[in-house]
Amino acid sequence: MEQTAIQIPAPPAGDFKILHQDGAARCGILQTAHGAVRTPIFMPVGTAGSVKGIAPDDLAAMGAEIILGNTYHLYLRPGDELLAELGGLHAFNAWHGPILTDSGGFQVFSLSDLRKINEEGVTFRSHIDGSKHLFTPESVIRVQRNFNSDIMMVLDECVAYGTDRAYTEKSVELTARWAARARAAYPKGAGRNLLFGISQGGFFKDLRERSIAQIAELDFDGNALGGLSVGESKAQLMDFLYYSAPLLPAHKPRYLMGVGTPFDIINGIAAGVDMFDCVLPTRNARNGTLYTSLGKVNIKRREYANDESPLDPACSCYTCRTFSRAYLRHLHVAGEILSYRLNSLHNLTYFLDLVRGARAAIAQGTFAEYKSEVESIYPEELAQAYAE
RNA sequence: GGAGCAGUAGUUAAGACGGUUAUAACGCUGGCCUGUCACGCCAGAGGCCGAGGGUUCGAGUCCCUUCUGCUCCG
């Protein structure tokens, strides 16, 4: 038989194939302009174009497949036009894998004292210099295209926990109109940058359902669940997660924005979510809370002062292979910069291993066992999830 | 030898007229962190106010003695 070089064209960006299914959990592969992403996936957060304390080679070594950037931060500094001029965010920060950029919708929520929302968009003040800016559904697409983001997010309004039904309903409608404008500004197939829609709805199930239907209708490349983990109880988070996730279109990637703890992520996967991002592994790393196969470890505790054992004996990251808990405690207590890097390296490895393990379990049809194994590491959250 | 200043939490310091459980920062101990305004936030434990005596209803605060440190003058 003759050896012929067969050119297999890469699937087009946006192509999403589900390879395995185990209950509602699925394992798939999403194509982007900068490569494929295996799902379920955890995306390290690099708000200002850098995963704090972690260089791209470390990210690659730990098996990160896609990272996040933030439109709000990168637009303010260094600016989207400069990034376009310098060849986009990938050329700028030397991460050549896929990048998802959040739209700034969350900052509309988290920087609430600095902004004003109307039909046109959101006016806000820069947290850096106080200058005034306007984000619209259209401008946010333009900015993200200047970044050359692989997955762009539409502008949405994320309402605070406890917002009443009347406002939440108005907000859902506004988010839907903004989504439609985003879609019009970037029609399907207009480019290789993917565009994901975001559903909201606060803590009202009918509004969640309505929002998801409105967003689904616009035929985005993927669909996100927004506005969760904003201060509600663990039980409420679980309730809304398991209610909402199955309503998102099944044949497209589902993204649970900003969530969460290992417990949340494993439950998100169980509910049928494919993508997660969260600042917890990196922020907590910097603040001394480390996730391990033995549970959460607050490395600054005195009990670790003379602990020669590795942080997590089951982990194969550089930090766990090389240093003792005693040294990691010292670095943290002494405020050494290396502490941030080593801790972040470990926590991100832990989160990436978690989803890697989930993919393998789904493929083998053993996800339920895997899930209860992970949950048993976090008994407090498990108890809270079933608390009334 | 004389004069001045200072001795208050582990540390550095606040404590007008003497008046309820003596402050703060840092440190220490513990907790928190969910689309990063986040090397951040919250809480807690630490003090016979150098020692002794006196005045006073009441003294960290006033008076005397004493000890220690620093500075200056001889």
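Worth saying up front: this structure is predicted, and the values here are computed from it rather than measured. We name chains A, B, ... by the order of the sequence lines, and we start the count at 1 in each one.
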Visitor: U36(B), OP1 or OP2 - any side-chain N/O from Thr47(A) closer than 4.0 Å?
Guide: yes
Visitor: Salt-bridge test for Arg192(A) and Asp150(A): reply yes if a basic N is under 4.0 Å from a carboxylate O, no otherwise.
Guide: no
Visitor: Which whole-number value in Å describes the distance from Asn287(A) CG to A38(B) P?
Guide: 12 Å
Visitor: Would you mind reading off the distance between Phe276(A) atom CZ and G35(B) atom P, rounded to a whole angstrom?
Guide: 14 Å
Visitor: Please work out which of the three classes, parallel, tilted or perpendicular, describes the rings of His133(A) and Phe124(A), given edges at 30° and 60°.
Guide: parallel
Visitor: With a non-hydrogen cut-off below 4.0 angstrom, is Gly227(A) in contact with a base, only sugar-phosphate, or nothing?
Guide: base
Visitor: Quick one: do the Tyr242(A) and Asn267(A) side chains pair a donor with an acceptor below 3.5 Å?
Guide: yes
Visitor: In whole angstrom, give the distance that lies between atom NZ of Lys296(A) and atom P of G30(B).
Guide: 15 Å
Visitor: Which part of the nucleic acid, if any, lies within contact of Val333(A), taking any heavy atom under 4.0 Å across all strands shown: a base, the sugar-phosphate backbone alone, or nothing?
Guide: sugar-phosphate
Visitor: Are OP1 or OP2 of C41(B) and a side-chain N or O of Arg283(A) less than 4.0 angstrom apart?
Guide: no
Visitor: Where each residue is assigned the nucleotide of RNA chain B containing its nearest heavy atom, which of Asn298(A) and Ile337(A) is assigned the position nearer the 5′ end?
Guide: Asn298(A)
Visitor: Whole Å only: how far is the NE2 atom of His332(A) from the P atom of G40(B)?
Guide: 9 Å
Visitor: Once you apply a heavy-atom cut-off of 4.0 Å, does Ser126(A) come out as touching a base, just sugar-phosphate, or nothing?
Guide: nothing
Visitor: Want to settle it: does Lys300(A) or Asp277(A) sit nearer the 5' end of RNA chain B, counting the closest nucleotide to each?
Guide: Lys300(A)
Visitor: Could you state the CG-P distance from Leu280(A) to G35(B), rounded to the nearest angstrom?
Guide: 7 Å
Visitor: Considering only NZ, NE, NH1 and NH2 on the basic side and carboxylate oxygens on the acidic side, decide whether Lys234(A) and Asp264(A) come within less than 4.0 Å.
Guide: yes
Visitor: Return no unless some side-chain N or O of Arg286(A) is found under 4.0 Å from OP1 or OP2 of C32(B).
Guide: no
Visitor: Compare side-chain N and O positions of Gln107(A) against OP1 and OP2 of U36(B) and report whether any pair is under 4.0 Å apart.
Guide: yes
Visitor: Which nucleotide, U34(B), C33(B), U29(B), lies nearest any side-chain atom of Cys278(A)?
Guide: U34(B)
Visitor: Partner of G7(B) by Watson-Crick or G-U wobble geometry, both contacts under 3.5 Å, or none?
Guide: C67(B)
Visitor: Under a 3.5 Å cut-off for both distances, is G60(B) Watson-Crick or wobble paired, and to whom?
Guide: none
Visitor: With under 30° as parallel and over 60° as perpendicular, where do the rings of Tyr327(A) and Phe323(A) fit, or are they tilted in between?
Guide: parallel
Visitor: Tell which nucleotide pairs with C37(B), taking only Watson-Crick or G-U wobble pairs whose two distances are both under 3.5 angstrom.
Guide: none
Visitor: May I have the distance from Phe42(A) (atom CZ) to U34(B) (atom P), rounded to whole angstrom?
Guide: 13 Å
Visitor: So, OP1 or OP2 of U34(B): does either fall under 4.0 Å of a side-chain N or O from Lys234(A)?
Guide: no
Visitor: Should Thr282(A) be listed as having a side-chain N or O under 4.0 Å from OP1 or OP2 of U36(B)?
Guide: no
Visitor: Let me know the distance between OH of Tyr72(A) and P of C37(B), rounded to the nearest Å.
Guide: 8 Å
Visitor: May I ask which nucleotide in the shown strands pairs with U12(B), Watson-Crick or G-U wobble, both distances under 3.5 Å?
Guide: A24(B)
Visitor: Could you let me know what U55(B) is paired to, Watson-Crick or G-U wobble, both distances under 3.5 Å, or none if it's on its own?
Guide: none
Visitor: To the nearest Å, give me how far apart CD (Glu232(A)) and P (U34(B)) are.
Guide: 11 Å
Visitor: Is a donor-acceptor contact shorter than 3.5 angstrom present between the side chain of Asn70(A) and the base of G35(B)?
Guide: no
Visitor: Less than 4.0 angstrom between a side-chain N/O of Asn284(A) and OP1 or OP2 of C32(B), yes or no?
Guide: no
